[in-house]
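For reference, the structure discussed in these notes is given below.
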Amino acid sequence: MRILVLGSGGREHSIIWKLSLDERINEIISFSDNYGISQLSKNLKTENDDLNSIVKQIISLSPDLVIVGPEEPLSEGITNLLTEKNIKCFGPSKEASRIESSKIFSKKLMMENNIPTSYAEFFSNFDKAKNYCLTKGYKNIVIKADGLAAGKGVFLPNSEEELITILDDIMNKNMLGNSGKSILVEDRIYGKEVSVFCFTDGVNFSKPIAICDYKRVQDNDMGPNTGGMGCYTPPEFWSIDLEDSIIENIIVPTINAMREKKSTFQGMLYTGIMMTKDGPKVIEYNCRFGDPECELIMPMFEGNILDVFMDIANSKLKNNSVKWKNKKGLCVVICSGGYPEKYNKELEINGIKDLEEKIICFHSGTKMKNNKIVTNGGRVLVLSNIDDSINACRENIYTQIEKISFKDSFYRKDIGLRAVKND
Ligand code: GLY
C-alpha cells in the first residue's frame, strides 16, 4: 500500500513513524524536508503550494490513502476535492472542518444542542461589540476571532484600554485578516483544561484519550502562548466516570449534531474542555490531531492505526475498535531561543543519536543542510516516552534531554510535574 501524509511537523512525523511499523505499507509519501519525516518517507517536492496544485499532484500519484495533518487544507476542502476523484482521505470535509475554522459555527452548534459551554454573543460591528464588552466588564469575557488564526485568535483582556485595542486591531485594522471580521465574546470560565481526542466516522467513535497540554512558553505557565510546549496522559483528575460523562454529554451530542447539520464529522475530533465547578464545558473544537499531543497519541495507540484511518475513510469504524496502551505518556518540546516570537534557523543540532532507545525523538522543525541536521522552526524536536508512571516518563526524558544541543535551545522543565503526586 502507498500512503501519503500531508504536513511537515512533529505531528506528521509521529503519524509516519507509527505507519512505518506496519508491514502492509510499501511506501509512505510526504511533501516535507523535515529530517525526521525524510528518514521514513519518500519526500517529493510540491510544484506549487496552493491547494489546487497539491490536489492535482496527489491525484497524479494516486495513493491508497491520504492523511491530512494541518487544519488549513482541511478547512479549504482538500478532503472534498480528493474524495470527488475517488482518492481516500482521512480528515473531515470542508463543511465538517468548520467545527474548528469558524468559532461562531461551533459555538452555535453547542448552544443549539445543549452541549455544555460558556454563553457567547456574536458581532461583526465594532461599536456593538465594544458596548457589549464594556457592559460585561473586561475581566468577565474572552474575545475570539471567528476564523483560523494559527493560535493567535483568543484574547483575555487585562484592562478596558486593552479590550478596546484588541477589538480595534482585529475588527477595524484587520490584524488577523478576514478571520477577525466577525468575533464572539464569551463569558470567561475557570478550571483545569484537558484535551479529549476521539476517532469518529460520523456515527461510531473510539474510546477517547485525554491529554493535558502546556501552552505557555515558560515554566509555571508564564509568558506568551505557543503551539504547545509538552503534554502528558492521562490527567491526574481523569476517571472512567468523567470519561463516560464527557462521552454522553459532549462527544455523542457533538457527533450527532454535526450529522444533523449535514456536516458529518469523520476524522479525529479534538475537544478542548475546561473542568469548571459546574462540570466539564467545551472551550473549543479542533478538526485534527493536536501537536504535540499527536506525538503521544501515536505511541499510546495499541495496534495498527492504518485500519482505523481506512475504516474512517470508508465510513465503517466499529465502536471500541481502538485500544490505548495501559501506560502513561509524556512529551517535552525543545524550542529555538526566541520562540514563539523571533528565532534563528539553520542552527546545527547535535546529540539526537545519543538518546536512549526508549525515548522517541520526533522532529518538528528540522532539515538537512550540508550533511548536518539543522533547526528549521521555533519548535524543533519533541521527546516522547511511555512508561508506568508520569514520574518515570519525566525521569526518562529529563535525564536524556541535555544530550540534545543547539544554540539557544530551551524547554519547559515542569511538564507533568503536577501529576506526579497522583502516580
Ligand atoms: N497543542 C495545541 C494544538 O495542537 O492546537
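Counting starts at 1 for both ligands and their atoms, following the listed order. Basis for what follows: all heavy atoms, side chains included, without hydrogens, waters or symmetry-related copies.
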Quiz item: Looking only at N/O atoms, are Glu293 and ligand 1 under 3.5 Å apart anywhere?
Solution: yes

Quiz item: By ring-ring contact (aromatic ring centres under 6.0 Å, His included), which residues pair with Tyr35, not counting sequence neighbours?
Solution: His363

Exercise. Indicate yes or no: does Lys316 engage Asp201 in a salt bridge with an N to O separation below 4.0 Å.
Key: no

Quiz item: When you measure from atom 3 (C) of ligand 1 to every protein heavy atom, which one gives the shortest distance, and what is it?
Solution: Tyr270 OH, 3.4 Å

Quiz item: Are any of the N or O atoms of Asp213 closer than 3.5 Å to those of ligand 1?
Solution: yes

Practice problem: Answer side chain, backbone, both or neither: which part of Met229 comes under 4.0 Å from ligand 1, heavy atoms only. | Solution: neither

Quiz item: What ring pair (Phe, Tyr, Trp, His ring centres under 6.0 Å) pairs are there with at least one residue in residues 303-340, not counting sequence neighbours?
Solution: Phe90-Phe309, Phe301-Trp324

Quiz prompt | atom 5 (O) of ligand 1 - nearest protein heavy atom and its distance | solution = Arg288 NH2, 2.9 Å

Exercise. Indicate yes or no: does Asp221 engage Arg412 in a salt bridge with an N to O separation below 4.0 Å.
Key: yes

Quiz item: Does Tyr214 have Arg418 sitting over its ring (NZ/CZ under 6.0 Å from centre, angle to axis within 45°)?
Solution: yes

Self-check item: Nearest-option assignment for atom 1 (N) of ligand 1, heavy atoms, candidates Gly228, Gly227, Gly290
Solution: Gly227

